[in-house]
Undergrad: 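Take this structure first; my questions come after.
Given the structure is predicted, the values throughout are model-derived calculations rather than measurements. Below, all heavy atoms of this structure are taken into account, side chains as well, without hydrogens, waters or symmetry copies. Numbered from 1 within each chain, the chains take letters A, B, ... in sequence-line order.
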Amino acid sequence: MGQFGKIFLFELKGYLKNKIFVGITVFLMVVIAVVTSIPRISAALNEGDDGDTVESGERDVMLVSGADGEIIDALAAAFPDYDVRAGSGDVKAEVIGGNAACAVELHGLSDFVYYVDNLAIYDETAAAVSEVLTGLSRLRAMVEAGVSPEDAQGIMSSAVGFTVESLGVDQGQNFFYTYIMIFALYMVILLYGQMVATNVATEKSSRAMELLVTSARPTSMMFGKVVASCTAGLLQLLCVFGSALAFYKLNSGYMGGWEMISMFFDMPPALLGWMLVFFVLGFFIYAFLYGAVGSTASKLEDINTSTMPINMLFVMGFIVVVIAMTSGSVDNPMMVACSYIPFTSPMAMFTRIAMSHPALWEILLSVAVLLGSCVGVGVLAAKIYRVGVLLYGASPKLRDIIKAVKNA
Amino acid sequence: MRLELRDIHKSFGEKKVLTGVSFTARSGRAFGLLGRNGAGKTTSIRILMGVFPADSGAVLVDGEPIDYRKVGIGYLPEERGLYPKKKIIEQLVYFAQLKGMDTPAAVKSVDRWLERLGMAEYRNKRLDTLSKGNQQKIQLVTALAHDPEIVILDEPFSGLDPVNAMLLKDVVREEIARGKVVLFSSHQMSYIEEFCDSIAIINKGVVVLTGDLHEIKREYPRDRLAIRSADSGKIAAAFPGSAVNDSGELVVRLQNPGEKMAVLRRLSEEFDIDEVRVFEPSLNDIFVEYAGERE
């Protein structure tokens, strides 16, 4: 086993023994377990609720004033959850007094006031009442104009049927899992990148570096660390998404009506493969940068300011991608350009693959550019590392580092 | 084995750090590398260890360019530091592995050294739970566990109590006896004087003095007398250019070594003398003379 292997194992063990790392992973797995079990839990709770309702026969009361029997019947048919009753007098007071959940005060068929105690965000009762009344008034108008009630019903219930067939990808469906994947990539690169930088800076500030530089080649150090942190990151993602998949399968019988969750697991396997490619390469290129920056910091406190430019670059790429995703035009010129720039391509190209259909050569070109840049950045980072770790004192200026790397 | 630095030059940017540094250390002997802070000792050591290359010059082992895959080097850096949060056995084995040992051999050797230094009980403790002196001993293991041919010790005695210093001295003597090239770098001249047969004094990147310590001392002109006397003041007035040294002796410089007897006679006749001897410089005196003057 070469130096790289030894460094890799030592660093990986460091991650796996880190209590915070293990804690976060377990926490995420528990959250996933709870979230994927919500449909099952709510189904169990609803079952109980329904039983109660049937036994007591109590439903919320909807009072309707100024309406004839036909309107009451129509509303009762439209709101099976309500006990729709004809009200008289001050229905508003009844709602305030708590005798009714809501009330509709009709002023003819063309106007009504809807009273409700607290208006919920998704309360569509008023719109539904309006629809029922509109239908009724049109029906009555037609009957008045001489159409037979049966014909009028037929006209009212006719509708135009249609089906949608997406020939490319369904952006609506893909949006959700693309977003989750991009966000996972974003989180993991930022978190682990910072960890690599901190790891290097800690070795430097604890002066373990004095021994390390005389014991191991800087390229072995850099690649060992980065590959170890990438492996740790992938392991963590595997745990989280693996447990998500397991719990999804476990609860799949209860997922009806929870399309958001189902959609995520309907991701095509090829996309998962591309995800892995872009994840690993994207991780590497940023981790190298973070490692190099970490080696130039003399104190741990400097890490935050030193890594700022990398964070900015990364966040900018993320924003471009998210804007393109939400606007739906993932193939806009900005995105096309970004999918060939190594620092933005992991997110940009992946998004295009998921939500559009770039040609294979485009994908391969993007991967090739990214791969080449990864190797280049890795070698450069190892050089900066070798020079950086021996520079103490004030944080060196970029110019000094370039000069030192040239001299080394 | 003969370890030689030959005509090493090194600059960092505009700043010239080493100018033609040359010295030779031999196995079975200890070599002292002396110099003031910033003189270029650490840079010389780093070049010797291949951390970065010299601009010109060569590091030779028995006349051939050094091959780091074959020649093991152990290093105790002046700036001590390991992983504070990791178990001692884990990090020591890791460093031995980086130096090319396989895991079982590394564990065995580390355990042997922990035993030798009386640190076996701390094997599974975290480094930051140890006292500073004990951390130093742990650090020493990183320099020795892989049984290197060349051992470089930078200020090995700083921070050690007298008992631990004694232990370290024994260890160093053993390593020398086992035929290792031991390279010392220190400001504590007494230790260098005790161990080192050869020295090199570096000042501002230039080797100003190198060779066998005994010869250096013998070749020193014997033209000074060290005097203990109640009449120091009067003697100083009678012999211009004399000065009191660190040990409180008055050092009188002779015009030439030949007039020694005449001066002795005159001193004993004219002054109340407790003790007179021919002044032989200590390493400290030599160091101050060579490293101090060129300020």
Undergrad: More than 12 non-hydrogen atoms from neighbouring residues, nucleotides or ligands closer than 6.0 Å to CZ on Arg6(B), yes or no?
TA: no
Undergrad: Please determine whether the number of non-hydrogen atoms from other residues, nucleotides or ligands lying under 6.0 Å from atom CE of Met308(A) exceeds 12.
TA: no
Undergrad: For Tyr75(B), which atoms come within 4.5 Å of any heavy atom of chain A: side chain, backbone, both, or neither?
TA: both
Undergrad: Are Lys86(B) and Phe10(A) in a cation-pi contact, defined as NZ or CZ under 6.0 Å from the six-membered ring centre and within 45° of the axis?
TA: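 Lys86(B) over Phe10(A) ring: yes.
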Undergrad: Could you tell me the separation between the CG atom of Leu211(A) and the OH atom of Tyr94(B), rounded to the nearest 0.5 Å?
TA: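 With rounding to 0.5 Å, CG (Leu211(A)) is 11.0 Å from OH (Tyr94(B)).
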Undergrad: Please report the closest heavy-atom contact between Ser215(A) and Lys99(B), naming both atoms and the distance.
TA: OG-CE, 3.5 Å
Undergrad: Can any side-chain N or O of Ser206(A) pair as donor or acceptor with the backbone N or O of Leu82(B) at less than 3.5 Å?
TA: yes
Undergrad: Where is the tightest heavy-atom contact between Arg386(A) and Val51(B), given as atom of each residue plus distance?
TA: CD-O, 3.7 Å
Undergrad: CD of Glu174(B): more than 12 outside heavy atoms within 6.0 angstrom?
TA: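 Count over threshold, so yes.
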Undergrad: Between Glu78(B) and chain A, which part of the residue has a heavy atom less than 4.5 Å away: side chain, backbone, both or neither?
TA: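 No part of it gets close to chain A.
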Undergrad: Can you confirm whether more than 12 heavy atoms, excluding those of Phe27(A), are under 6.0 Å from its CZ atom?
TA: no
Undergrad: Would you check, one step at a time, whether the test side chain to side chain contact (heavy atoms under 4.5 Å, CB included) holds for Ile45(B) with Thr214(A)?
TA: CA-CA 10 Å; Ile45(B) 290 172; Thr214(A) 57; over 6 Å; no
Undergrad: Under the side chain to side chain contact (heavy atoms under 4.5 Å, CB included) criterion, do Arg46(B) and Glu210(A) qualify, and how do the steps go?
TA: CA-CA 10 Å; Arg46(B) 282 182 177 155; Glu210(A) 296 274 332; 3.1 Å; yes
Undergrad: Answer with side chain, backbone, both or neither: which region of Lys17(A) has an atom nearer than 4.5 Å to a non-hydrogen atom of chain B?
TA: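 Side chain only.
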Undergrad: One pair to check against side chain to side chain contact (heavy atoms under 4.5 Å, CB included): Val213(A) and Met49(B). What are the steps and the verdict?
TA: CA-CA 10 Å; Val213(A) 287; Met49(B) 299 189 69; over 6 Å; no
Undergrad: Gln97(B) and Lys6(A): which non-hydrogen atoms are nearest, and at how many Å?
TA: O-NZ, 2.9 Å
Undergrad: For Lys169(B), does the NZ atom sit with more than 12 other heavy atoms under 6.0 Å from it, leaving out its own atoms?
TA: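 Enclosed: over 12 neighbouring heavy atoms sit under 6.0 Å from NZ of Lys169(B).
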